[in-house]
Amino acid sequence: MKRICMMLIMVLALSFAATANASDIELARKSTLNSILKSGELRCGIASGYIPFQMTDKKGRIVGFEIDLAREMAKAMGVKFVPVNMEFDGIIPALLTNKIDVITAGMTVNQERNLQINFANPFMVVGQTVLLNKNLAGKVKSYKDLNDPQYTIVSKLGTTGEQAAKRFLPKAKYKSFDLETDAALEVLNGKAAAMIYDLPFNAIFMADQGKDRLIFLDKPFTYEPLGWGLRKGDPDFLNFLNNFLTQIKNDGRYDKLYHKWFESTAWRKKIQ
């Protein structure tokens with residue numbers, strides 16, 4: 001009797017293993033990673049205008065820190081890098097309808113987005129800061145001081161800057177823009193009190209156009225990891241993304257690109 005039971009257990013174990021193996025093979029076959037390798041293209045969803053992550057240069061080419069990271073990823077796959085430029089608030093729908101393979105658009109990882117898509121490990125951590133109209137010098141010393149109906153706050157549509165403005169400054173008037181540069185110019189031209197947006201963009205805009213014209217409250221008041229987005233149910237692609245990011249951060253390539261886009265200003269004269 002014991003012998004029969006042992007044989008039955010072995011048969012069931014082998015059957016389970018075979019079923020699990022077949023399931024794993026089917027999952028791998030359906031992976032975005034597999035479709036990328038078959039097509040020979042990596043379609044990356046971007047939103048040009050997020051300085052210095054993705055921008056359009058004077059020759060009409062898409063360039064930037066995150067663009068270079070994505071190019072390195074395509075190179076590691078042995079496929080062609082294909083940036084698909086669109087409005088930021090249309091990127092998640094584009095991913096879910098298979099119009100792109102991955103989101104590489106300076107997207108902040110948050111719980112609302114994570115309900116719709118998965119994220120690879122963060123490639124950078126940023127936070128929201130304030131570009132302030134110079135006429136408010138001495139009156140506004142913190143983002144908290146802007147929570148007043150007399151102030152108009154601006155940010156980019158569909159971003160965590162917009163979310164932060166509405167969450168932390170509910171009493172202020174709010175106006176959104178499709179492009180972060182247009183929002184910053186609204187403050188620069190005295191049509192808004194302040195812009196709430198990510199540290200990298202605000203720092204670069206301040207250096208380029210804000211000297212003696214704006215005040216930069218550069219201490220981030222939120223914690224925001226930036227990550228690449230992918231469709232749910234794809235462990236193979238997620239594994240590849242995480243391993244790629246670990247590799248590039250430890251072999252010197254990430255630091256080289258960071259220096260190029262965040263510590264040097266040579267690229268600015270090539271941007272529109």
Side-chain angles (χ1 to χ4, degrees), residues 28 30-109 113 117-124 126 179-180 198 200-201 204 225-231 234-262 264 266-268 270-272:
K30 292 181 178 179
S31 173
T32 300
L33 183 60
N34 192 44
S35 66
I36 291 168
L37 296 176
K38 281 186 175 181
S39 69
E41 293 184 344
L42 174 63
R43 300 171 301 165
C44 295
I46 68 164
S48 180
Y50 185 23
I51 301 173
F53 292 88
Q54 47 244 307
M55 304 162 286
T56 304
D57 69 10
K58 293 178 179 178
K59 295 183 179 180
R61 298 173 300 190
I62 302 296
V63 298
F65 174 70
E66 196 169 1
I67 298 301
D68 280 354
L69 286 180
R71 285 185 189 279
E72 287 293 324
M73 178 168 61
K75 189 185 299 182
M77 292 179 174
V79 299
K80 180 182 178 182
F81 168 66
V82 180
V84 183
N85 195 16
M86 64 189 78
E87 295 297 333
F88 188 84
D89 59 352
I91 289 183
I92 288 181
L95 178 70
L96 297 178
T97 54
N98 200 32
K99 293 176 182 176
I100 57 175
D101 300 312
V102 62
I103 295 174
T104 56
M107 183 169 281
T108 303
V109 180
R113 290 170 180 158
I117 63 175
N118 283 348
F119 286 95
N121 293 334
F123 66 87
M124 181 180 285
V126 298
L179 298 175
E180 51 270 88
D198 297 349
F201 174 86
I204 291 171
L226 303 182
W228 288 346
L230 67 157
R231 286 180 287 275
D234 197 345
D236 285 358
F237 194 29
L238 179 61
N239 177 264
F240 179 88
L241 292 175
N242 285 336
N243 285 334
F244 168 76
L245 290 168
T246 298
Q247 179 68 41
I248 200 171
K249 285 185 176 182
N250 287 280
D251 65 13
R253 284 180 290 169
Y254 184 96
D255 290 342
K256 183 178 179 181
L257 293 176
Y258 187 91
H259 172 76
K260 173 184 175 182
W261 293 106
F262 290 95
S264 171
W267 57 268
R268 295 183 190 178
K270 300 178 182 179
I271 303 302
Q272 290 181 346

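Note that this is a predicted model, so its numbers are computed, not measured.
Screening Arg253, Gln54, Lys260, Lys256 for a side-chain hydrogen bond (donor to acceptor under 3.5 Å, both in side chains) involving Asp68 leaves a single residue, Lys260. Checking Asp234, Asp101, Asn98 one by one against Thr32, the side-chain hydrogen bond (donor to acceptor under 3.5 Å, both in side chains) holds for a single residue, Asp234.
With Trp261 contributing its side chain and Phe53 its backbone, the two residues share no donor-acceptor pair below 3.5 Å. Under the 3.5 Å distance criterion, the side-chain polar atoms of Glu66 are matched with a main-chain donor or acceptor of Ala105. Arg113 contributes a side-chain N or O that, together with a main-chain N or O of Thr108, makes up a donor-acceptor pair within less than 3.5 Å. Between the Asn34 side chain and the Lys30 main chain, no donor and acceptor come within less than 3.5 Å of each other. Within the 3.5 Å criterion, the main-chain N or O of Pro235 finds no donor-acceptor partner in the side chain of Asn239.
Closest non-hydrogen pair, Thr104 versus Cys44, comes out as OG1-CB, 3.2 Å. Closest approach of Met55 and Ser48 over heavy atoms only: C-OG, 3.3 Å. Minimum heavy-atom separation, Ile117 to Gly229: CD1-CA, 4.0 Å. The shortest non-hydrogen separation linking Asn121 to Asn242 is N-OD1, 2.7 Å. Shortest non-hydrogen contact noted between Lys58 and Ile271 is CE-O, 3.7 Å. Shortest non-hydrogen contact noted between Met107 and Ile92 is CE-CG1, 3.9 Å.
Rounding to the nearest 0.5 angstrom, the gap separating the CZ atom in Phe244 from the CZ atom in Phe123 is 11.5 Å. Here Glu72 contributes atom CD and Ile67 contributes atom CD1; the two are 13.0 Å apart, rounded to the nearest 0.5 Å. Here OG1 of Thr56 is found 6.0 Å from CG of Asn85. Values are rounded to the nearest 0.5 Å. If you take CD1 on Ile91 and NZ on Lys99, they are separated by 12.5 Å, rounding to the nearest 0.5 Å. The CG atom of Leu241 sits 11.0 Å away from the CG atom of Asp236 when rounded to the nearest 0.5 Å. To the nearest 0.5 Å, the span separating CG on Leu33 from CG on Leu238 amounts to 11.0 Å.
The 12-atom threshold is not exceeded at NZ of Lys80, counting heavy atoms of other residues, nucleotides or ligands nearer than 6.0 Å.
Using a 4.5 Å heavy-atom threshold, the side chains of Val82 and Glu41 count as touching. For the pair Phe119 and Ile103, the minimum side-chain heavy-atom distance is 4.5 Å or more. Side-chain atoms of Val126 and Phe201, non-hydrogen and from C-beta on, never get closer than 4.5 Å to each other. Ile62 has its side chain out of reach of Phe81: every pair of non-hydrogen atoms, C-beta onward, lies at least 4.5 Å apart. In this structure, the side chains of Leu245 and Gln247 stay at 4.5 Å or more apart for every pair of heavy atoms. Side-chain contact between Arg43 and Val102 is absent, with no heavy atoms from C-beta onward closer than 4.5 Å.
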As a quick check of understanding, evaluate salt bridge (charged side-chain N to carboxylate O under 4.0 Å, His left out) for Lys59 and Asp57, giving each step before the final call. CA-CA 5 Å; Lys59 295 183 179 180; Asp57 69 10; over 6 Å; no
Working for ring-ring contact (aromatic ring centres under 6.0 Å, His included), residues Phe65 and Tyr254: CA-CA 9 Å; Phe65 174 70; Tyr254 184 96; 5.5 Å; yes
Side chain to side chain contact (heavy atoms under 4.5 Å, CB included) for Ile51 and Trp267? Distances and angles first, verdict last. CA-CA 11 Å; Ile51 301 173; Trp267 57 268; 3.6 Å; yes
Give the intermediate values and the outcome of side chain to side chain contact (heavy atoms under 4.5 Å, CB included) for residues Leu69 and Trp228. CA-CA 11 Å; Leu69 286 180; Trp228 288 346; 3.8 Å; yes
